[in-house]
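A short worksheet on the structure shown next.
Letters A, B, ... are given to chains in the order of the sequence lines, protein chains preceding strands, and every chain is numbered from 1.
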Amino acid sequence: MPDRPLRLRFAPSPTGFFHVGGARTALYNWAIAQRLGGTFVLRIEDTDEARNQPEWTQGIIDALAWIGIHTADPHFEGPYFQSEFATEHVAAAMRLFQAGRAYYCDLTGDQIQERAKLTGKPGYDNSSRDRGLEAGPGRVLRFRVPEGTTVVDDLVRGAVSFDNSNIEDFVLLRGNGTPMFLLANVVDDVTMRISHVVRAEEHLPNTPKQQMLWQALGAVPPVWAHVPVLVNEQRKKLSKRRDKVAVEQYRAEGFLADAMVNYLMTLGWAPSGETEIVAWSRIVDEFRLEDVNHSPAFFDVKKLTAFNGEYIRAMTVSQFIEACAPFLAADDVPWQRERFNPSVFSEMAELVQTRVARLDEVAAMVDFLFLADAPIDDAAFAKVMAVPTSLALLTEVAKAYEVAEWNHEALKETLEAIGDGYGLKLGKAQAPVRVAVTGRTIGPPLFESLQVLGRDETLRRVRAAVDRYGAAPA
RNA sequence: GCCCCCAUCGUCUAGUGGCCUAGGACACCACCCUUUCAAGGUGGCGGCACGGGUUCGAAUCCCGUUGGGGGUGCCA
């Protein structure tokens, strides 16, 4: 355990979106920083490409904020950019050279391959070690890997040991003098006095190199914790190309931040007790890196969706209405924007709330209320009108609803009575009315919908359906 | 090739030598409820990869096999 204040660094590389795997790692760091009163340090790996796309960095900050990691929080520090420490990267490399811990090498890639072919061992054979080369154009600075074994003490995996003879003298400075990522990364961590490095498992094989660098630089290495990666159904690491990994996209699809956070935390870890649905405060209290699973976890959108449904249902109706607002005013909404009536939606909201698992499903559930001409699904219409009594029933309903009291109880009783006349139970009797009015066979409870829709519009649609049936060939 | 990591229902997990006839969740199926669809309730299906040890006793410890993943750049 390094003797320094708790500082955890999260170092994503901006790529134009924020990866769900990165989100989980950030959450791990965040939970620990909050519980132990440490600092969450955000350090962005700014590549040339990322530097030309400042909105990528902003995207990371926005996505972090969405999952509850705010720059204004006292535990939050940063963002820092790797380039801010560039001069220190080179300076550290020079110190290593002067101390004899690094040396120059003028071998080209081709020469290295040639030698490898001769020895039968792939890679660089450390043959420049004792040639005493000085700095020069085209010469790289290599770290002199010491003899022995490097043991990485990992909070998740325990002691992992590496035989140094399997680690070749790696490059610190390129032929043009610029630092390699590995060096930059370690120097940044040393400079910022990072105490804990919590990151994805894929970095474990490079950790001995980093640890040797820490030690060569005269610093006590951090506590390492390599958490398992997130995989797809093929058990491959989640990738931008193949998989849907952007948290921004899940947000746009109407996943709630709390649900996402909760679900992400159950991947590789489980809260104590009877349920996995737990508040962030519980997670902060209970989360331990030592308890994180060792094997990769499949990011299961179905389960995420189920969590999301639970979170939606746990909201109060007014919270739900508020959460739906952006999805009902979106550009791709199925109705003309000016036809949307918030108070009509409010009346229906409670009925919709138990019927969606994602906020982006809401619009399709209430669209018939705001569409001038609710499109009738042909298959549904055909199916429902194939019942011989449907036409007569619809005609009778149109008549009865002209005078019925306009509330859902009365509307239900009226239809129930008409259905009785045809020997139909309510479940069957409501079907043609539902299709006539909403265009579909499924949807929110019918009579409540009619009540909200109003008498005039209901009658218009029922009559239109009768006409439509009459117009169709028998 | 070499190195490292991993292995409990389809999936995510609980389990740290006896409370395990392996518990929960998602998914799936059935039933109940019901105004369609949901939600809710009840029940069901389904797993310790394999082989050796150690032990009175192993999902749990050790070794091996098999299978998966990752790393191995003058990429980040």
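Residue N293(A) places at least one side-chain N or O under 4.0 Å from the OP1 or OP2 atom of A14(B).
With A7(B), U35(B), G40(B) as the candidates, the nucleotide lying closest to the side chain of S295(A) is A7(B). In the set C12(B), G71(B), U11(B), the nucleotide with an atom closest to the side chain of K237(A) is G71(B). Side-chain proximity of R313(A) to the nucleotides A38(B), C12(B), A39(B) is greatest for A39(B). For V160(A), the side-chain atoms get nearest to C5(B) when compared with the rest of A27(B), G24(B), C5(B). Closest to the side chain of T354(A), out of C74(B), G24(B), A39(B), is A39(B). Out of C5(B), C26(B), C37(B), the shortest distance to the side chain of R355(A) is found at C37(B). In this structure, the nucleotide among U36(B), A27(B), C4(B) sitting nearest to the side chain of F162(A) is C4(B). Distances from the side chain of M180(A) to the nucleotides U35(B), G70(B), G73(B) place G73(B) closest.
With a 4.5 Å cut-off on side-chain heavy atoms, P222(A) and H196(A) do not count as touching.
Exactly one residue among V152(A), N166(A), T149(A) makes a side-chain contact (heavy atoms from CB on, under 4.5 Å) with P208(A). That residue is V152(A).
Note on E168(A): only backbone sugar-phosphate atoms sit closer than 4.0 angstrom, heavy atoms only; bases stay farther off.
We find that CZ of F10(A) is positioned 19 Å from P of A76(B), with the value rounded to whole Å. Rounding to whole angstrom units, CG of residue L304(A) and P of U13(B) are separated by 14 Å. G69(B) atom C1' lies 13 Å from atom CG of L230(A), rounded to whole Å. Spacing between atom CG of N166(A) and atom P of C4(B) amounts to 7 Å, rounded to whole angstrom units. Note: CG (N262(A)) to P (C12(B)) measures 17 Å, nearest angstrom. For the pair H294(A) NE2 and U16(B) P, the interatomic distance rounds to 15 Å; values are reported in whole Å. Atom-to-atom, CZ of R440(A) to P of U36(B) comes out at 18 Å; the value is rounded to the nearest Å. Between the C1' atom of U36(B) and the CZ atom of F368(A) lies a distance of 12 Å, rounded to the nearest Å.
For the side chain to side chain donor-acceptor pair (under 3.5 Å) condition, the pairs that include at least one residue of residues 254-273 of chain A, sequence neighbours left out, are N262(A)-Y311(A), S272(A)-E286(A).
Between Q210(A) and T207(A), the side chains place no donor N or O within less than 3.5 Å of an acceptor N or O (distance only, hydrogens not considered).
Across the C1' atoms, A59(B) and U16(B) are found 11 Å apart, a figure rounded to whole Å. C37(B) and C50(B): their C1' atoms are spaced 47 Å apart (whole Å).
For the contact set between residues 200-214 of chain A and RNA chain B, defined by any heavy atom under 4.0 Å, the members are E201(A), E202(A), L204(A), P205(A), N206(A).
Heavy-atom contacts from other residues, nucleotides or ligands closer than 6.0 Å to NZ of K244(A) number more than 12. A 6.0 Å sphere centred on CZ of R115(A) holds no more than 12 heavy atoms belonging to other residues, nucleotides or ligands.
A tilted orientation is assigned to the rings of F320(A) and F345(A), their planes being inclined by 30° to 60°.
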